[in-house]
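First comes the structure, then the notes that go with it.
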Amino acid sequence: MDKYKIAACLGIVLSTAGTLLVFVFGIPKRQRSEGREFMAGVVERRKPIVDPREEARNERFGRAGIACMVMGAFLQVISIIATM
């Protein structure tokens, strides 16, 4: 099998794995459960997760999922460009 076809297949697998990770663990939050203030002074609070370790784990796996999706797309684009 050609090395570019292998790279394309690996890209598809990485993209799929990343999508599953983000689907299961969620998109990483830019801000934690403490809440945030708006200009009007209203504070929005999210329901805190019982275990802060679980929140950190979800954020780590969410970021890993996004990284897998980006790397998978990159591998697919490179393999398509290389076979032209």
Side-chain angles (χ1 to χ4, degrees):
M1 191 187 283
D2 190 20
K3 62 183 174 182
Y4 299 117
K5 289 180 182 177
I6 293 173
C9 290
L10 182 61
I12 292 171
V13 169
L14 275 175
S15 294
T16 304
T19 303
L20 289 174
L21 282 172
V22 169
F23 182 74
V24 171
F25 294 103
I27 297 173
K29 309 288 186 263
R30 286 198 170 263
Q31 144 248 312
R32 298 287 176 140
S33 60
E34 292 87 31
R36 59 181 173 191
E37 291 188 25
F38 295 102
M39 289 176 52
V42 178
V43 176
E44 175 189 344
R45 300 208 184 273
R46 294 186 313 157
K47 182 180 175 185
I49 295 178
V50 177
D51 189 8
R53 291 179 294 174
E54 182 180 350
E55 184 176 3
R57 178 187 60 117
N58 290 347
E59 189 165 334
R60 261 194 328 273
F61 281 114
R63 289 185 191 275
I66 291 175
C68 285
M69 287 189 287
V70 169
M71 288 300 299
F74 179 73
L75 281 174
Q76 291 178 48
V77 168
I78 292 301
S79 66
I80 288 171
I81 291 172
T83 55
M84 288 182 154

List the atom pairs, donor and acceptor, that lie under 3.5 Å between side-chain atoms in residues 20-27 and the rest of the protein, sequence neighbours left out.
none

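Think of Leu14 as one node in a network of Ile, Leu, Val, Met, Phe, Trp and Tyr side chains linked at under 4.5 Å; its network also takes in Leu10, Met71, Leu75. Members clustered with Phe74: Ile78, by chain and number, using a 4.5 Å side-chain heavy-atom cutoff among hydrophobic residues.
Nearest heavy atoms, Ser79 versus Ala7: CB-CB, 4.2 Å.
Listed by chain and residue number, Thr16, Gln76 satisfy the side-chain contact (heavy atoms from CB on, under 4.5 Å) test with Ile12 (two or more places apart in sequence, or in another chain).
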